[in-house]
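For reference, the structure is listed below as structure tokens.
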Amino acid sequence: MQEIPKTYEPQKYEDKIYSLWEKSGKFNPDNLKLPKNAKPYTIILPPPNITDKLHLGHASIIAIEDLLIRFHRMKGFRALYLPGTDHASIATQNVVEKKLLKDQGLTRHDLGREKFLEEVWKFLRVTQATILKQARKMGGSFDWSREAFTLDAQRKKAVTKMFLDMHAEGLVYRGKRIVNWCPRCKSTLADDEVEYNEEIGKLYWIRYGPFVLATSRPETKLGDTAVAVYPGDKRYAKMVGKKYMIPGVLGEFEITVVADKAVDPKFGSGAIKVTPAHDFTDYAISQKHNIALKQIIDEDGKMMSNCGKYAGMTTLEARKAIVADMEKMGFIDHVEDGYKHNLATCYRCGATIEPIPSEQWFLAVDKKLKRLGGKSLKEKALEVAKNGKIKFYPFRFTKRYIDWMTNLHDWCISRQIWFGHEFPVWYRDSNQKSVSSEQQKEIYVGEKAPKGKGWVRDPDTFDTWFSSGMWSFSTLGWPDNYKNNKKTGDLAKFHPTQVLETGYEILTLWVSRMIMMSLFALGEIPFENVYLHGMVLDQFGKKMSKSKGNGIDPMDMIEKFGTDAVRLSLLIGSAPGNDMRLSEEKIASYRNFVTKLWNIYRYCVHADGKFLLIEKISQKDLKSLSDRWIVSELNRLIEAVTDNLNEYKFSLAGEMLEKFIWNDFASWYLEINKLENNSKVLGYVLDKILKLSHPFAPFITEKIWQDMYEGKCILMVEKWPVADKKLIDKKAQMEFDSLRQVVSKIRNTRASYHIDPGKTIQVFAKKAENKEVLEKLARIKIDIVSKIDTNGIVVAGKKIKLTLAISDLVDIEKEKARLGKEIANLEGLIVKTGALLGNKNFVKSAPKEIILVNQAKLKEYGDKLKIQQELFENLR
RNA sequence: GGGUCUGUAGCUCAGUUGGUUAGAGCGCUACAUUGACAUUGUAGAGGUCUCCAGUUCGAGUCUGGACAGACCCACCA
């Protein structure tokens, strides 16, 4: 037998073990030897953005998902864990743009579309390779043969087909409406890509014809076409429906007065100016009341040519100039300083959002479709959450999903970003697709450019969520694997997937879109369960970010402590859906646990040169109380861990494992085993521990397995243990526990009186409730753990009483005080429990079990009290 | 403005359908240490479970309210 090193060195083994798994081909479920009817278990990795390397959030995703995959693979499922990456169009474009500006002082426009995209691809090849390498480091059992990228050829096919199908159904349409426009990115943003930051500005009260009204954006007065008031507002009742000429800095203009509930009568003067082209509320009002729209701000965020002398100014410049002019012309009533309001900014670049009317592609979420049984995407997506076809963990996120979905508007899917999926759309004239252009000539929607001259492809690209929304099925070969409404190949085998596991922060952005897309394309849900984890925060509870410099790089931690320690620290000590704090200390403590496991193995092999792992054990092999106890404890653990994992309670399962391995097996059983030498039980327990721990800590468990079996089989594809109920022995557990308590008491006394550990203490027992217990106490020689001399044990009569021969070492007064406290405590408990049992209502309504427990308790307290009292008396 | 979550030991958090004297890790204190493990062991101290009211025989757990913190959604001109 080879000498086993004292500590487990993850850096030495992890890469080798990973390639062993990979080479075995078992990551690919097609290579698992399974019965034909084996159920599939699929998780598709939420694709990390190729903007950067992996962070702890990703590490957490992989730890959880790979745990589920390994658990189910061992349980005999056709487990598929499909890896991939996301092109993250706008995010990536911005990262590369920033880099370009920094390195070469160039903007993307300086470079031109083609050259710029080359830069993007150069960049993403590097980050993508890094990400995939890091996913391997995390130990993810990914089927690399199915790896996907949201912008590769197969996914391009899928996006194109999806758009064409949706177009054929009239689900996507081109429309001009107000959009969130980022003047810096020169692109639209989805509602949820807009971030609101509180800003303190000015509120201008302006004289506005017959009105005085308050606005924070006086420059938009140039685009006003109405004034709105709250319906029934007495101050303005007579004016509603009438038209007024309003004097302005560029002369008079006409407005209509309308009544609309969107107006807050308590704000300002209760009347608001309506600028339909540059405000969402105003746009909605104008639609309802049929009011004209006048655009005055262009896609550069500048005032348009219809703004007279203000044309060409940015909105901020125009505001200054217009306010100055208004001042001169006496339009300003007064200006309120320190006005708090929320400023809309771009979540990618931070520039101020300008709402402007723009021609874009939209996805109609309320349109009823034949293929959805006459329901709309929104209705269908709500239905599957409400009827529990898709289950959310924790449950509370169901409500958040439903609320969000209920309020969903048509989704703007086009972006004026260069990097992304192109639209299968052509226009006859390239100039026609300008945001400010009023008219379109010819549009052609199709896979390839139509014949004829002058057709130019739509320069826009898809919202990145459009392609990631298809992730659950585009990765499984849709549309090739979907003919005549029938799934074939991987799609038939693995869709719908079982679990989508992701951070709760993208529940709305991503999860909801995947649900709609899958319902549309396949008429089925994309996944059965949605498990949402919290964010990983630093030790102070702050969000980790590069700018703050408080981020922990998972790869540094793996280098330092090993992957298993990182995985364990991400899995244990957190609750689903709640944020968790992580510190280096926590990871270090799990490294210690891994070392513990290693040394358990080391002990087993050292203790018995012929040590073997054992699959099954029978009653005959259990030679002692401690054998029966640990085996019983273990089989209960198998049940509990399995149940908890089935319920997504990873933390609880992990904690139980840890406690069993460390506190029961290592601290107690191993010590006793040093005297009993039952290596069969060691082999049995270690076999189960390795299997149960494998999904949590795959590397060390596999390493030990490989060493034990000399490479003949792989733990990753071993069978998950099933509890053997015949081996659960409650009596043995109770007996052992009482022994543990005796030992603990002795240790306690020893420590309190500072008794030299080298000295042996004599233990006398006068009466024995159970003769056997004391005999066992002697037999398993617990003096190894507490150094007592059991020769002094005397068994007589019914009750146990242990007296330690330590009187010469004991501080009588101190001991009396301690016993007095204990006696008072017990007396209190007896009164309390007695009262409870004396309560008629309790006896009437409490379940029998609880009553029995309390009766037993009362008796136990009484017995204990007697012992303590006798001890107290003896001290005199 | 609407909503969700969190509040348990010095710190970080568990606590499954209400039912043992409320748990763990870290930290702290004391002691130990050559043979699986100093990445260790043993023991100890430390909690009016944020507060108030209610339901109940019984509340950390359920209900209502208050306070504090985090977040989400909507955005108000």
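Quick caveat: nothing in here was measured; it's all calculated off a predicted structure. Each chain gets a letter, A, B and so on, in the order its sequence line appears, and its residues count up from 1.
For A:Trp404, counting side-chain heavy atoms from C-beta on, the closest listed nucleotide (B:C73, B:G19, B:A36) is B:C73. Distance from the side chain of A:Ser667 is smallest for B:U42 among the nucleotides B:U42, B:U16, B:A77. Looking at the side chain of A:Thr595, the nearest of the listed nucleotides B:U20, B:C57, B:U39 is B:U39. Each of B:U39, B:U20, B:G19 was ranked by its minimum atom distance to the side chain of A:Arg591; first place goes to B:U39. Closest to the A:Glu655 side chain, of the nucleotides B:U21, B:A14, B:A77, is B:A14.
Within 4.0 Å (heavy atoms only), A:Arg396 reaches sugar-phosphate atoms of the nucleic acid but no base atom. Among the heavy atoms of the strands, none lies under 4.0 Å from A:Leu213. Using a 4.0 Å heavy-atom cutoff across all strands shown, A:Trp205 reaches no nucleic acid atom at all. Counting any heavy atom pair closer than 4.0 Å across all strands shown, A:Ser216 reaches sugar-phosphate atoms only and no base atom. Across all strands shown, A:Lys596 has heavy atoms under 4.0 Å from base atoms, whether or not it also approaches the sugar-phosphate. Base engagement by A:Tyr861 is indicated by at least one non-hydrogen atom pair under 4.0 Å involving a base atom. Within 4.0 Å (heavy atoms only), A:Ile572 reaches no atom of the nucleic acid at all. At a threshold of 4.0 angstrom between heavy atoms, the contacts of A:Lys6 are confined to the sugar-phosphate backbone, with no base atom among them. In this structure, A:Ser845 reaches the bases: a heavy-atom distance under 4.0 Å links it to at least one base atom across the strands shown. Looking at heavy-atom distances under 4.0 Å, A:Ala607 makes no contact with the nucleic acid at all.
Rounded to the nearest Å, the gap between the P atom of B:G64 and that of B:U4 is 10 Å. The gap from the P atom of B:U29 to that of B:A45 amounts to 16 Å, rounded to the nearest Å. Look at the C1' atom in both B:G41 and B:U34: the space between them is 14 Å, to the nearest Å. Across B:U8 and B:C51, the matching C1' atoms stand 14 Å from one another, rounded to whole Å. Across the P atoms, B:G3 and B:U63 are found 16 Å apart, a figure rounded to whole Å. B:U12 and B:U50: their P atoms are spaced 14 Å apart (whole Å). When the P atom is compared between B:G60 and B:U21, the two are found 12 Å apart, to the nearest whole Å. Taking the P atom of each, B:G7 and B:U16 are spaced 12 Å apart, rounded to whole Å.
No side-chain heavy atom of A:Val263 sits under 4.5 Å from any side-chain heavy atom of A:Asp233.
At least one side-chain nitrogen or oxygen of A:Asn592 sits closer than 4.0 Å to the OP1 or OP2 atom of B:U40. Residue A:Thr281 places at least one side-chain N or O closer than 4.0 Å to OP1 or OP2 of B:C76. For B:G41, the OP1/OP2 oxygens have a side-chain nitrogen or oxygen of A:Trp662 closer than 4.0 Å. For the OP1/OP2 pair of B:G3 and a distance below 4.0 Å, the side-chain nitrogens and oxygens of A:Lys399 include no atom meeting the criterion. In terms of phosphate contacts, A:Arg602 brings a side-chain nitrogen or oxygen within less than 4.0 Å of OP1 or OP2 of B:C37.
Across all strands shown, B:C26 forms a Watson-Crick or G-U wobble pair, both distances under 3.5 Å, with B:G10. When both pairing distances are held under 3.5 Å, B:A38 makes no Watson-Crick or G-U pair with any nucleotide shown. In a base pair of the Watson-Crick type (N1 to N3 plus N6-O4 or O6-N4) or a G-U wobble (N1-O2 and O6-N3), with each distance short of 3.5 Å, B:G1 is matched with B:C73. Across all strands shown, B:U33 forms no Watson-Crick or G-U wobble pair with both distances under 3.5 Å. Look at B:A66: its Watson-Crick or wobble partner, with both distances under 3.5 angstrom, is B:U50. Nucleotide B:U20 is matched to nothing when pairs are restricted to Watson-Crick or G-U wobble geometry with both distances under 3.5 angstrom.
Using modelled atom types and a 3.5 Å distance limit, the side chains of A:Lys273 and A:Thr220 yield a donor-acceptor pair. Using modelled atom types, one finds a donor on one side chain and an acceptor on the other under 3.5 Å when comparing A:Thr275 with A:Asp224.
Checked for salt-bridge contact, A:Glu354 and A:Arg217 meet the test: a charged N lies under 4.0 Å from a carboxylate O.
In this structure, OH of A:Tyr401 is placed 20 Å from P of B:C5, rounded to the nearest angstrom. Distance A:Lys586 NZ to B:A24 C1': 12 Å, rounded to the nearest Å. For the pair A:Ile851 CD1 and B:G58 P, the interatomic distance rounds to 14 Å; values are reported in whole Å. When rounded to the nearest whole Å, the span between NZ of A:Lys832 and P of B:G19 equals 13 Å. Following rounding to the nearest Å, A:Trp668 (CH2) and B:A36 (C1') show an atom-to-atom distance of 18 Å. Per the geometry, CG belonging to A:Leu836 stands 14 Å off C1' belonging to B:U21, to the nearest Å. Nucleotide B:A77 holds its C1' atom 16 Å from the OH atom of A:Tyr230, rounded to whole Å. A straight line from CG of A:Asp643 to P of B:U16 spans 16 Å, rounded to a whole angstrom.
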Inset, instruction - Would you sort out whether A:Phe696 and A:Phe650 count as a ring-ring contact (aromatic ring centres under 6.0 Å, His included), showing the intermediate values? - result: CA-CA 9 Å; A:Phe696 290 86; A:Phe650 319 123; 7.9 Å; no
Inset, instruction - Assess whether salt bridge (charged side-chain N to carboxylate O under 4.0 Å, His left out) is satisfied between A:Asp664 and A:Lys659, documenting all intermediate values. - result: CA-CA 7 Å; A:Asp664 294 329; A:Lys659 211 174 277 177; over 6 Å; no
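Checked against the 6.0 Å centroid threshold, A:Tyr590 and A:Phe561 do not count as a close aromatic pair. Taking the six-membered ring where the residue is Trp, the centroids of A:Tyr236 and A:Phe211 are separated by under 6.0 Å.
Both A:Asn407 and A:Lys659 sit near RNA chain B, but only A:Lys659 has its closest nucleotide nearer the 5' end. For the pair A:Phe593 and A:Asp279, nearest-nucleotide mapping onto RNA chain B gives the more 5' position to A:Phe593.
A distance of 14.0 Å separates CZ of A:Phe699 from OH of A:Tyr13, quoted to the nearest 0.5 Å.
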